[in-house]
Amino acid sequence: MKRFFYFLFTIFTFLQVFSSIHAETLDFDEVLQSVKADSEWNFVVAKEKGSNYENLYAVNAGNPEKSSCVLKNPARTEYVFSNLCYNPKNKTLYFCIHNGGGLVNGVQIFLGEGIYALKKDSDGNFSSKGVRRFTKMEPWLVERAKQAYFDKPQAPDYAGFLEFLFGFTDFDAHPCLAYTLENGKRLLNEDALKYFNESGFLASLCSESKEFYHSRFEDFLFCMDEKGEITKTPAVTANHSQLFYREGEAFVDFHYLARHKGQIFMLEISGSIKKSFDEHGNVSNSLWTPDFSKIYTISDSEEDFLVYQGAGWGEIKADIFELPYPKSPEEAPIFEKDGEFFLRGINHSDIWQLQKDFSFRKVDLNSKKNDFSGRAIAILQILSSLLLALSVIFYLAFKKFNSARFIFGIQQKTREEISSDIHDSVVQDIRAIRLDVERLKVNAESEDLQKTTVNNLTECIKRMRDICYGLNPAEIAVAEITNSGTNIISVVQTLCENFSQRTKIQFRLDCEQDSGTILIETEKAKYVSRIVAEILSNVEKHSFATSLTLLIRQKVSDKNRILTFIFVDDGVGCDLKSIFSHANMKKHFGLRNMKKYAELCGGEIDFLSEKNEGMQVKLSVKVAD
């Protein structure tokens, strides 16, 4: 029924254009979207007769012969184009493609994903020559394609994988996959892929990344000239500007676009994977579902293409939109009204208005009162917040300078900086060294040494990554950037799994079914992660254990939900009375810190042990419903 009403709405707009087009030029069976650029050009998302999916067309009402299919649907499934948004300021059409439900050989891959911009070509027409795509070829996307075209089918689908790779190349390029052997012979396209596959190089090539999380496949994609000769020009350049390098991402998600005063705004649905567990603590189901939308704006110039968030935008959780895309302001998640630009909150009642300084402020569209009182209240709130902040600063400076919380903050900041420095410098340098070693021309006698060196460097990179994670878990870092809660289950489980892989101490997880994803405050998550790291360190250094079990339980008590982690090892145990004596506690900084951190995050920690009976540590924290 939704599709039917959507069809009625769009077909009415398109009839004016369609009536002036010759039937033999473009013959549409169903029109899904229609956007007018100017008196001459219109953009249409439609299905041609006999087709099961839609393409994007540029329609010239005055000269139908100039009309053409601008972009064929790369996913070949229905409803992959976002709402078209034309900006007359720079005469550019913007849209996005998302194929979240696309399956190839049972594997979900994302063909044609990304943000697109369409300008007029050198002939002054809107055609495929003017299309630009902005999506990084991230390793996880290539790994999915490898599963679909190599791992799942009985025989490798080289042509399908090549088509996937070429989808990331520049639209004006004639791409080719090229690889040169040690003897100087050059392999092209399917021959190169066959060599990668049979030599075992394909797996690492798909999973490993180069600088700024780009796939290493980009190094083997080149342009061909008019004579069909391979050039040294890379075929993937559109996403390599400095700004896009620093800020860009894959953009694999649903998007909604809107224009306001020559500026393009974009909503992107943010979601998370919800896991279900069986009675043995094993994952029984894993499903990605949407949580809220995030607001961005697009900055587009000849030099750079950047998708970014304004100051404070990360705190806004916008409405989730569904297909078909809403058209009226009453339904749209971002919309214009009386010349002003608004954004709808996730709870449908909050409305945010764009201010002159490019910030968003909550407003009441139904209120007819003068806005002066609202601004006065806002100013008073800001002044009150500043006074409160100054009070806290002076209080910490003169009364609490040596407090555990203050020291923890300094330590945590240092850990985050060290983690970032290791990841951005040392790890990248080791990766570069490994790539150089892989490319060395060695004789048969040195080949085993080369492989051993590459494997050692790979293991070194993995260990360094684990160290970075231990210093500053990725879930906590992302939560701070997005101003959202931290999935503490994922943090604790990853710390334990990394610990098990490094120490070879067997790890077992016993988790209740409803404990797959639990979000807690980021500051509290930092304390919990430090406590868990200290527990694992004690197991490694003092327990002589061969196995570690983690039980995760939840309980509602006194209107509070309590999350409990119970760590049980089979080590030598200890005499707790002796360790927790007043004299010994001065020596055991780790135990003191665990107790202090538990207190600071509003939790409790208990220890249970006897000699030769192992150790049990129980950590309980309050979590919000």
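Between the side chain of Ser215 and the backbone N or O of Glu138, no donor-acceptor pair lies under 3.5 Å. Using modelled atom types, no side-chain atom of Glu604 and backbone atom of Ala598 make a donor-acceptor pair closer than 3.5 Å. With hydrogens and angles ignored, the 3.5 Å screen pairs no side-chain donor or acceptor of Asp606 with any backbone N or O of Lys618. Side chain of Ser609 to backbone of Cys574: a donor-acceptor contact under 3.5 angstrom is found. With hydrogens and angles disregarded, no donor-acceptor distance shorter than 3.5 Å links the side chain of Ser500 to the backbone of Cys496. Using a distance-only test at 3.5 Å, with no hydrogens or angles considered, a donor-acceptor pair links the side chain of Asp570 to the main chain of Ser547.
Counting heavy atoms from C-beta on, the side chains of Ile489 and Phe565 come closer than 4.5 Å. Proximity of Phe196 to Tyr158: side-chain heavy atoms (C-beta onward) are nowhere separated by under 4.5 Å. At least one side-chain heavy atom of Val492 sits under 4.5 Å from a side-chain heavy atom of Phe567. Between Leu177 and Phe161, the closest side-chain pair of non-hydrogen atoms is not below 4.5 Å. Using a 4.5 Å cut-off on side-chain heavy atoms (C-beta onward), His542 and Val572 make no contact. Side-chain contact between Asn593 and Glu534 is absent, with no heavy-atom pair separated by less than 4.5 Å. At a threshold of 4.5 Å between non-hydrogen side-chain atoms, the residues Leu162 and Leu193 count as touching.
Listed here is the closest heavy atom pair of Trp313 and Ile295: CE3-O, 3.5 Å. Phe164 and Phe110 get closest at one heavy-atom pair: CE1-O, 4.2 Å. What you find for Arg216 and Lys210 is that their closest heavy atoms are CG-N, 4.2 Å. Taking each heavy atom of Asp291 and Gly271 in turn, the nearest pair found is OD2-C, 3.4 Å.
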inquiry  = Using the rule given for side-chain contact (heavy atoms from CB on, under 4.5 Å), can you reason through Lys622 versus Ile562, listing the C-alpha separation, both sets of side-chain angles and the distance that settles it, and then say yes or no?
reply    = CA-CA 5 Å; Lys622 295 178 182 179; Ile562 307 298; 3.6 Å; yes

task = Go through Val539 and Phe499 one step at a time and tell me if the side-chain contact (heavy atoms from CB on, under 4.5 Å) criterion holds.
result = CA-CA 10 Å; Val539 172; Phe499 161 81; 3.8 Å; yes

task = Test side-chain contact (heavy atoms from CB on, under 4.5 Å) on Met615 and Asn538 and set out the steps.
result = CA-CA 10 Å; Met615 169 75 82; Asn538 287 340; over 6 Å; no

request  = Check the pair Leu536 / Leu548 against side-chain contact (heavy atoms from CB on, under 4.5 Å), numbers first and verdict last.
outcome  = CA-CA 9 Å; Leu536 298 176; Leu548 173 69; 3.5 Å; yes

request  = Kindly determine whether His98 and Glu113 satisfy side-chain hydrogen bond (donor to acceptor under 3.5 Å, both in side chains), including the steps that lead there.
outcome  = CA-CA 5 Å; His98 178 58; Glu113 295 286 329; 3.0 Å; yes

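Atoms CD1 and NZ, from Ile531 and Lys595 in turn, are 10.5 Å apart once rounded to the nearest 0.5 Å. Note that CD of Glu268 and OH of Tyr296 are 5.0 Å apart. Values are rounded to the nearest 0.5 Å. Note that CD1 of Ile488 and CG of Leu519 are 10.0 Å apart. Values are rounded to the nearest 0.5 Å. Taking SG of Cys511 as the start and CD of Gln493 as the end, the distance is 7.5 Å to the nearest 0.5 Å. Here the CE-CD1 distance, from Met266 to Ile115, works out to 4.0 Å after rounding to the nearest 0.5 Å. How far OG1 of Thr564 is from CZ of Arg553: 9.5 Å, rounded to the nearest 0.5 Å.
Using cut-offs of 30° and 60° for the angle between ring planes, the Phe201 and Tyr179 rings count as tilted. Ring geometry, Phe217 versus Phe220: the interplanar angle exceeds 60°, so the pair is classed perpendicular (tilted spans 30 to 60°).
Only one option out of Thr494, Thr486, Leu495 pairs with Ser529 in a side chain to side chain contact (heavy atoms under 4.5 Å, CB included); it is Leu495.
The number of heavy atoms from other shown groups lying within 6.0 Å of CD (Glu497) is above 12.
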Do any side-chain atoms of residues 141-153 form donor-acceptor pairs under 3.5 angstrom with protein atoms, and if so which ones, sequence neighbours left out?
from: Arg144; atom 1: NH1; to: Gln108; atom 2: O; distance (Å): 2.8
from: Lys146; atom 1: NZ; to: Asp151; atom 2: OD1; distance (Å): 3.1
from: Lys146; atom 1: NZ; to: Asp151; atom 2: OD2; distance (Å): 3.1

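With hydrogens and angles left out, the side-chain atoms of Thr503 and Glu540 include no donor and acceptor closer than 3.5 Å.
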